[in-house]
Amino acid sequence: MTTATIIQSLASGLLMGLLYGLVAVGLALIFGLMDVTNFAHGEFLMLAMYITFFLFAFFAIDPLLAAPLVGAAMFVFGAVVYLLVVRFAMRAKANIGMVQIFTTFGLAILMRGLAQYFFTPDYRSINVSWLGGKTLQIGGVFLPVPQLVGALVSLAAFGALYFFIKKTDFGRALEATREDAGAVALVGIDKNKVFALGWGLGGALVGLAGAVMAMFFYIYPDVGASFALIAYVTVALGGFGSVFGAFAGGIIVGLVEATTAMILPPSLKSIGIYAVYLLVVFIRPRGLFGSI
(Lines give C-alpha, C1' and ligand atoms only; values in the text may rest on other atoms or scores of the structure.)
Protein backbone atom coordinates (compact mmCIF):
# COMPACT_ATOMS: atom_id res chain seq x y z
CA MET A 1 0.00 0.00 0.00
CA THR A 2 1.64 3.23 -1.20
CA THR A 3 1.22 6.78 0.04
CA ALA A 4 -0.50 7.69 -3.23
CA THR A 5 -3.03 4.88 -2.73
CA ILE A 6 -3.80 6.05 0.81
CA ILE A 7 -4.26 9.67 -0.27
CA GLN A 8 -6.45 8.59 -3.19
CA SER A 9 -8.64 6.46 -0.93
CA LEU A 10 -8.98 9.19 1.72
CA ALA A 11 -9.86 11.78 -0.93
CA SER A 12 -12.61 9.53 -2.26
CA GLY A 13 -13.83 8.92 1.28
CA LEU A 14 -13.95 12.66 1.97
CA LEU A 15 -16.08 13.30 -1.11
CA MET A 16 -18.54 10.57 -0.17
CA GLY A 17 -18.48 11.71 3.45
CA LEU A 18 -19.64 15.17 2.46
CA LEU A 19 -22.57 13.60 0.62
CA TYR A 20 -23.36 11.39 3.62
CA GLY A 21 -23.36 14.54 5.71
CA LEU A 22 -25.84 16.23 3.37
CA VAL A 23 -28.17 13.24 3.59
CA ALA A 24 -27.87 13.12 7.38
CA VAL A 25 -28.33 16.86 8.04
CA GLY A 26 -32.00 16.78 7.07
CA LEU A 27 -32.57 13.84 9.41
CA ALA A 28 -30.81 15.63 12.27
CA LEU A 29 -32.75 18.84 11.63
CA ILE A 30 -36.10 17.07 11.95
CA PHE A 31 -35.05 15.16 15.05
CA GLY A 32 -33.61 18.25 16.72
CA LEU A 33 -36.74 20.23 15.93
CA MET A 34 -39.40 17.72 16.93
CA ASP A 35 -37.73 14.71 18.57
CA VAL A 36 -39.08 12.64 15.67
CA THR A 37 -36.91 10.19 13.75
CA ASN A 38 -38.01 10.03 10.13
CA PHE A 39 -37.74 6.35 9.23
CA ALA A 40 -38.82 7.23 5.69
CA HIS A 41 -35.70 9.35 5.16
CA GLY A 42 -34.15 6.79 2.83
CA GLU A 43 -37.34 6.71 0.77
CA PHE A 44 -37.19 10.51 0.50
CA LEU A 45 -33.74 10.03 -1.07
CA MET A 46 -35.09 7.33 -3.38
CA LEU A 47 -37.93 9.61 -4.52
CA ALA A 48 -35.49 12.44 -5.21
CA MET A 49 -33.36 10.15 -7.35
CA TYR A 50 -36.40 9.00 -9.35
CA ILE A 51 -37.53 12.60 -9.89
CA THR A 52 -34.05 13.40 -11.19
CA PHE A 53 -34.12 10.38 -13.49
CA PHE A 54 -37.51 11.20 -14.99
CA LEU A 55 -36.64 14.88 -15.47
CA PHE A 56 -33.65 13.65 -17.48
CA ALA A 57 -35.57 10.92 -19.34
CA PHE A 58 -38.59 12.99 -20.37
CA PHE A 59 -37.29 16.57 -20.48
CA ALA A 60 -33.54 16.04 -21.04
CA ILE A 61 -32.75 18.14 -17.94
CA ASP A 62 -29.25 17.35 -16.72
CA PRO A 63 -29.08 16.27 -13.06
CA LEU A 64 -26.95 19.31 -12.26
CA LEU A 65 -29.68 21.63 -13.53
CA ALA A 66 -32.37 19.43 -12.01
CA ALA A 67 -30.91 19.64 -8.49
CA PRO A 68 -32.65 22.94 -7.53
CA LEU A 69 -35.93 21.68 -9.02
CA VAL A 70 -35.67 18.40 -7.14
CA GLY A 71 -34.79 20.25 -3.94
CA ALA A 72 -37.86 22.47 -4.34
CA ALA A 73 -40.12 19.49 -5.10
CA MET A 74 -38.83 17.61 -2.05
CA PHE A 75 -39.32 20.73 0.11
CA VAL A 76 -43.00 20.69 -0.81
CA PHE A 77 -43.19 16.92 -0.31
CA GLY A 78 -41.57 17.12 3.13
CA ALA A 79 -43.93 19.88 4.27
CA VAL A 80 -46.97 17.96 2.96
CA VAL A 81 -45.86 14.79 4.76
CA TYR A 82 -45.76 16.72 8.01
CA LEU A 83 -49.12 18.43 7.47
CA LEU A 84 -50.98 15.32 6.30
CA VAL A 85 -49.28 12.55 8.29
CA VAL A 86 -46.84 13.46 11.05
CA ARG A 87 -48.92 16.29 12.50
CA PHE A 88 -51.69 13.87 13.38
CA ALA A 89 -49.30 11.26 14.73
CA MET A 90 -47.98 13.87 17.18
CA ARG A 91 -51.46 14.26 18.64
CA ALA A 92 -51.48 10.72 20.02
CA LYS A 93 -52.69 10.62 23.62
CA ALA A 94 -50.49 7.66 24.63
CA ASN A 95 -47.29 6.01 23.43
CA ILE A 96 -46.59 9.03 21.24
CA GLY A 97 -43.02 7.89 20.57
CA MET A 98 -44.11 4.52 19.23
CA VAL A 99 -46.90 6.13 17.20
CA GLN A 100 -44.40 8.44 15.51
CA ILE A 101 -41.98 5.58 14.82
CA PHE A 102 -44.60 3.34 13.25
CA THR A 103 -46.09 6.24 11.29
CA THR A 104 -42.84 7.12 9.52
CA PHE A 105 -41.88 3.44 9.20
CA GLY A 106 -45.25 2.73 7.60
CA LEU A 107 -44.73 5.69 5.28
CA ALA A 108 -41.39 4.19 4.24
CA ILE A 109 -42.99 0.84 3.41
CA LEU A 110 -45.77 2.59 1.47
CA MET A 111 -43.37 4.71 -0.56
CA ARG A 112 -41.17 1.72 -1.36
CA GLY A 113 -44.17 -0.38 -2.38
CA LEU A 114 -45.55 2.37 -4.62
CA ALA A 115 -42.13 2.76 -6.24
CA GLN A 116 -41.95 -0.97 -6.95
CA TYR A 117 -45.47 -0.91 -8.41
CA PHE A 118 -45.16 2.16 -10.61
CA PHE A 119 -41.45 2.11 -11.48
CA THR A 120 -40.83 -1.68 -11.29
CA PRO A 121 -37.87 -3.14 -9.35
CA ASP A 122 -35.59 -2.65 -12.38
CA TYR A 123 -32.33 -0.79 -11.94
CA ARG A 124 -32.13 2.52 -13.80
CA SER A 125 -29.27 4.92 -14.35
CA ILE A 126 -28.44 8.20 -16.02
CA ASN A 127 -25.81 7.13 -18.52
CA VAL A 128 -25.15 10.47 -20.16
CA SER A 129 -24.77 13.69 -18.21
CA TRP A 130 -22.58 16.76 -18.28
CA LEU A 131 -20.35 15.46 -15.52
CA GLY A 132 -20.73 11.70 -15.94
CA GLY A 133 -17.49 9.78 -16.47
CA LYS A 134 -15.25 12.84 -16.05
CA THR A 135 -12.27 12.83 -13.71
CA LEU A 136 -10.14 15.67 -12.37
CA GLN A 137 -6.47 15.09 -11.49
CA ILE A 138 -4.99 17.21 -8.69
CA GLY A 139 -1.45 16.45 -7.58
CA GLY A 140 -1.68 12.86 -8.75
CA VAL A 141 -5.02 12.31 -7.02
CA PHE A 142 -7.91 11.43 -9.33
CA LEU A 143 -11.28 12.89 -8.28
CA PRO A 144 -14.48 11.84 -10.07
CA VAL A 145 -16.12 15.08 -11.13
CA PRO A 146 -19.71 14.06 -10.15
CA GLN A 147 -18.59 13.24 -6.60
CA LEU A 148 -16.48 16.41 -6.46
CA VAL A 149 -19.42 18.58 -7.52
CA GLY A 150 -21.63 16.69 -5.06
CA ALA A 151 -19.18 17.56 -2.28
CA LEU A 152 -19.23 21.23 -3.29
CA VAL A 153 -23.04 21.19 -3.38
CA SER A 154 -23.01 19.67 0.11
CA LEU A 155 -20.75 22.42 1.44
CA ALA A 156 -22.86 25.13 -0.22
CA ALA A 157 -26.12 23.64 1.09
CA PHE A 158 -24.77 23.36 4.64
CA GLY A 159 -23.47 26.94 4.47
CA ALA A 160 -26.86 28.17 3.28
CA LEU A 161 -28.63 26.21 6.03
CA TYR A 162 -26.30 27.65 8.67
CA PHE A 163 -26.91 31.19 7.40
CA PHE A 164 -30.67 30.59 7.33
CA ILE A 165 -30.75 29.28 10.90
CA LYS A 166 -28.41 31.89 12.40
CA LYS A 167 -29.15 35.05 10.41
CA THR A 168 -32.87 35.07 9.54
CA ASP A 169 -35.94 35.67 11.69
CA PHE A 170 -37.52 32.41 10.62
CA GLY A 171 -34.28 30.62 11.40
CA ARG A 172 -34.33 32.11 14.88
CA ALA A 173 -37.92 30.95 15.24
CA LEU A 174 -36.76 27.51 14.19
CA GLU A 175 -34.07 27.53 16.87
CA ALA A 176 -36.50 28.82 19.49
CA THR A 177 -38.98 26.08 18.65
CA ARG A 178 -36.21 23.51 19.03
CA GLU A 179 -35.54 24.84 22.52
CA ASP A 180 -39.13 25.05 23.74
CA ALA A 181 -42.04 24.39 21.38
CA GLY A 182 -44.56 25.27 24.08
CA ALA A 183 -43.07 28.64 24.98
CA VAL A 184 -42.90 29.95 21.41
CA ALA A 185 -46.68 29.71 21.11
CA LEU A 186 -46.95 32.34 23.85
CA VAL A 187 -45.16 34.88 21.65
CA GLY A 188 -47.31 34.22 18.59
CA ILE A 189 -45.15 31.72 16.69
CA ASP A 190 -47.18 29.01 14.96
CA LYS A 191 -45.21 25.85 15.72
CA ASN A 192 -47.02 23.90 12.99
CA LYS A 193 -45.66 26.30 10.38
CA VAL A 194 -42.20 25.97 11.87
CA PHE A 195 -42.44 22.17 11.94
CA ALA A 196 -43.69 22.12 8.34
CA LEU A 197 -40.75 24.33 7.34
CA GLY A 198 -38.38 21.99 9.18
CA TRP A 199 -39.71 18.96 7.33
CA GLY A 200 -39.56 20.92 4.09
CA LEU A 201 -35.92 21.85 4.68
CA GLY A 202 -35.10 18.25 5.56
CA GLY A 203 -36.74 17.11 2.33
CA ALA A 204 -34.96 19.77 0.27
CA LEU A 205 -31.53 18.78 1.63
CA VAL A 206 -32.03 15.10 0.88
CA GLY A 207 -33.47 16.14 -2.50
CA LEU A 208 -30.23 17.90 -3.42
CA ALA A 209 -28.27 14.83 -2.32
CA GLY A 210 -30.51 12.55 -4.38
CA ALA A 211 -30.15 14.68 -7.51
CA VAL A 212 -26.36 14.58 -7.29
CA MET A 213 -26.19 10.89 -6.40
CA ALA A 214 -28.41 10.00 -9.36
CA MET A 215 -25.45 10.83 -11.60
CA PHE A 216 -23.33 7.94 -10.35
CA PHE A 217 -25.61 5.50 -8.46
CA TYR A 218 -28.15 3.04 -9.78
CA ILE A 219 -31.74 4.04 -9.07
CA TYR A 220 -34.19 1.40 -7.79
CA PRO A 221 -36.91 1.21 -5.11
CA ASP A 222 -34.59 -0.03 -2.35
CA VAL A 223 -31.73 2.38 -3.03
CA GLY A 224 -32.55 4.55 -0.02
CA ALA A 225 -32.31 1.76 2.55
CA SER A 226 -28.51 1.49 2.70
CA PHE A 227 -28.02 5.25 2.72
CA ALA A 228 -30.67 5.70 5.40
CA LEU A 229 -28.83 3.25 7.65
CA ILE A 230 -25.62 5.24 7.19
CA ALA A 231 -27.56 8.46 7.87
CA TYR A 232 -28.92 7.09 11.17
CA VAL A 233 -25.43 6.08 12.26
CA THR A 234 -24.08 9.46 11.15
CA VAL A 235 -26.68 11.38 13.16
CA ALA A 236 -26.06 9.23 16.24
CA LEU A 237 -22.30 9.59 15.81
CA GLY A 238 -22.44 13.36 15.45
CA GLY A 239 -25.04 13.76 18.19
CA PHE A 240 -28.82 13.65 17.98
CA GLY A 241 -30.23 17.10 17.37
CA SER A 242 -26.93 18.62 16.19
CA VAL A 243 -27.02 19.76 12.56
CA PHE A 244 -23.30 20.53 12.59
CA GLY A 245 -22.66 17.17 14.26
CA ALA A 246 -24.51 15.34 11.49
CA PHE A 247 -22.47 17.06 8.80
CA ALA A 248 -19.18 16.45 10.62
CA GLY A 249 -20.27 12.88 11.34
CA GLY A 250 -20.83 12.32 7.62
CA ILE A 251 -17.26 13.34 6.89
CA ILE A 252 -15.97 11.02 9.62
CA VAL A 253 -18.07 8.14 8.29
CA GLY A 254 -16.75 8.66 4.76
CA LEU A 255 -13.14 8.69 5.91
CA VAL A 256 -13.59 5.66 8.17
CA GLU A 257 -15.31 3.76 5.36
CA ALA A 258 -12.43 4.52 2.98
CA THR A 259 -9.83 3.55 5.58
CA THR A 260 -11.60 0.27 6.34
CA ALA A 261 -11.75 -0.55 2.62
CA MET A 262 -7.95 -0.25 2.46
CA ILE A 263 -7.50 -2.75 5.30
CA LEU A 264 -10.37 -5.18 4.74
CA PRO A 265 -12.11 -6.39 1.59
CA PRO A 266 -14.41 -3.66 0.17
CA SER A 267 -17.47 -5.77 0.96
CA LEU A 268 -16.63 -5.37 4.67
CA LYS A 269 -16.05 -1.61 4.62
CA SER A 270 -19.11 -0.95 6.82
CA ILE A 271 -17.47 -2.77 9.75
CA GLY A 272 -15.26 0.24 10.46
CA ILE A 273 -18.25 2.60 10.54
CA TYR A 274 -20.13 0.57 13.12
CA ALA A 275 -16.98 -0.09 15.17
CA VAL A 276 -16.31 3.65 15.46
CA TYR A 277 -19.97 4.28 16.25
CA LEU A 278 -19.96 1.72 19.06
CA LEU A 279 -16.74 3.19 20.44
CA VAL A 280 -18.28 6.66 20.51
CA VAL A 281 -21.47 5.34 22.11
CA PHE A 282 -19.47 3.74 24.93
CA ILE A 283 -17.30 6.81 25.53
CA ARG A 284 -19.76 9.62 24.75
CA PRO A 285 -23.36 8.32 24.48
CA ARG A 286 -24.81 11.64 23.30
CA GLY A 287 -22.49 11.68 20.28
CA LEU A 288 -19.45 13.77 19.44
CA PHE A 289 -21.29 17.08 19.21
CA GLY A 290 -24.60 16.27 20.84
CA SER A 291 -26.01 18.12 23.81
CA ILE A 292 -28.89 15.79 24.72
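No hydrogens or angles considered: nothing links the side chains of S9 and S12 as a donor-acceptor pair under 3.5 Å. Checked by atom type, the side-chain pair Y220/Q116 shows no donor-acceptor distance below 3.5 Å.
Ring planes of Y218 and Y123: perpendicular class, angle over 60° (limits at 30 and 60°). Aromatic ring orientation, F240 versus F31: tilted (interplanar angle from 30° to 60°). Under the 30°/60° scheme for interplanar angles, the aromatic rings of F44 and F77 are found to stand perpendicular.
By the criterion of side-chain heavy atoms lying less than 4.5 angstrom apart, applied directly or through intervening Ile, Leu, Val, Met, Phe, Trp or Tyr residues, L279 is not grouped with L288; the two fall into different hydrophobic clusters. In terms of hydrophobic clustering, with Ile, Leu, Val, Met, Phe, Trp and Tyr side chains grouped at heavy-atom distances under 4.5 Å, I7 and I251 are assigned to a common cluster. Hydrophobic clustering (side-chain heavy atoms under 4.5 Å, transitive across Ile, Leu, Val, Met, Phe, Trp, Tyr) groups L155 together with V206. F88 and F102 fall into different hydrophobic clusters, where Ile, Leu, Val, Met, Phe, Trp and Tyr are joined by side-chain heavy atoms under 4.5 Å apart, directly or via other members. Tracing side-chain contacts under 4.5 Å through hydrophobic residues (I, L, V, M, F, W, Y), one reaches W130 starting from F53; they form part of the same cluster.
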message: Please evaluate residues Q100 and D35 with respect to the criterion side-chain contact (heavy atoms from CB on, under 4.5 Å), reporting the C-alpha separation (whole Å), side-chain torsions for both, the decisive distance (0.1 Å), and the verdict.
response: CA-CA 10 Å; Q100 293 168 0; D35 284 340; 5.8 Å; no
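Applying the ring pair (Phe, Tyr, Trp, His ring centres under 6.0 Å) definition to pairs two or more places apart or across chains, those involving residues 146-175 are F158-F247.
For D169, the salt bridge (charged side-chain N to carboxylate O under 4.0 Å, His left out) criterion is met by R172, not counting sequence neighbours.
Contact of the L143 side chain with the Q147 side chain is not registered, since no non-hydrogen atoms from C-beta on lie closer than 4.5 Å.
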